[in-house]
Amino acid sequence: DECQFRIVAENEAGPGEASRPSEVVTPKSVPKLDLSRLRDVTVKAGQPLRLDIAFTGFPKPKISWMKDDTPLRADEKRTIDTQPESCVIHIPQSERSDSGVYKITLTNECGTVDGTVNVTVLSKPASPGGPLEVSD
């Protein structure tokens with residue numbers, strides 16, 4: 001979204017001539033998250049997990065992810081794909097250890113905004129540990 005400005009002075013005698021248009025200006029804005037897409041997610045282990053978050057802001061915000069207060073980065077298990085107006089975390093085969101609170105933070109010179117989503121990955125319970133103790 002770009003804009004230009006022109007100035008017109010006015011007094012009791014009426015308006016003057018408009019100035020020449022200014023140079024094209026792109027307004028700056030605080031980052032915003034589309035919070036309607038930040039809903040709690042539940043998947044079964046082995047299913048893909050996808051968190052797709054839309055955002056706006058100019059200049060383009062710096063994006064960071066946390067899972068349970070630990071920085072989250074792309075690796076062999078997950079991809080993080082940032083587009084001009086969205087960011088996607090994709091885990092092709094989710095595991096119970098992927099459960100937790102995911103937090104996205106957007107920052108630019110105009111401000112910071114963040115949002116969270118709770119992820120639950122359901123799986124069969126692990127075998128009980130042993131040895132088992134029996135008591136009366």
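Hydrogens, waters and symmetry mates are skipped; everything else that's a heavy atom, side chains included, is used. This is a predicted model, so every value here is computed, not measured.
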Looking at [X] and [Y], what are the two nearest heavy atoms and their distance?
{"X": "D98", "Y": "Q93", "answer": "OD2-O, 4.3 Å"}
{"X": "V8", "Y": "A18", "answer": "CG2-CB, 3.6 Å"}
{"X": "R96", "Y": "S123", "answer": "NE-OG, 3.1 Å"}
{"X": "P27", "Y": "V25", "answer": "CD-O, 3.6 Å"}
{"X": "C87", "Y": "T82", "answer": "SG-OG1, 3.4 Å"}

Which atom pairs, one a donor and one an acceptor, fall under 3.5 Å between side chains of residues 68-76 and the rest of the protein, sequence neighbours left out?
{"from": "D68", "atom 1": "OD1", "to": "V101", "atom 2": "N", "distance (Å)": "2.9"}
{"from": "D75", "atom 1": "OD1", "to": "K77", "atom 2": "N", "distance (Å)": "2.8"}
{"from": "D75", "atom 1": "OD1", "to": "R78", "atom 2": "N", "distance (Å)": "3.0"}
{"from": "D75", "atom 1": "OD2", "to": "R78", "atom 2": "NH1", "distance (Å)": "2.9"}

State, yes or no, whether a side-chain contact exists between S29 and C110 at a heavy-atom distance under 4.5 Å.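 Side-chain contact under 4.5 Å: no.
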Does any non-hydrogen side-chain atom of T105 lie less than 4.5 Å from one of T112?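 They are in side-chain contact.
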Short side-chain donor-acceptor distance under 3.5 Å, S19 and R6: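 Checked: R6/S19 side chains show no N/O donor-acceptor pair below 3.5 Å.
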Same apolar cluster: M66 and I104, side chain cutoff 4.5 Å: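 Different clusters.
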Is there a path of hydrophobic side-chain contacts, each under 4.5 Å between heavy atoms of I/L/V/M/F/W/Y residues, joining L33 to V30?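 V30 and L33: separate clusters.
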Would you say K67 has more than 12 foreign heavy atoms packed within less than 6.0 Å of its NZ?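 Yes, enclosed.
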Is the number of heavy atoms from other residues, nucleotides or ligands within 6.0 Å of CD (E17) greater than 12?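 No, not enclosed.
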Please table the atom pairs, donor to acceptor, closer than 3.5 Å between any side-chain atom in residues 41-65 and protein atoms at least two apart or in another chain.
{"from": "Q47", "atom 1": "OE1", "to": "K44", "atom 2": "N", "distance (Å)": "3.0"}
{"from": "D52", "atom 1": "OD2", "to": "R37", "atom 2": "NH2", "distance (Å)": "3.2"}

Decide side chain to side chain donor-acceptor pair (under 3.5 Å) for D81 and T79; before the verdict, give the C-alpha distance in whole Å, the side-chain angles of both, and the deciding distance to 0.1 Å. CA-CA 6 Å; D81 182 29; T79 59; over 6 Å; no
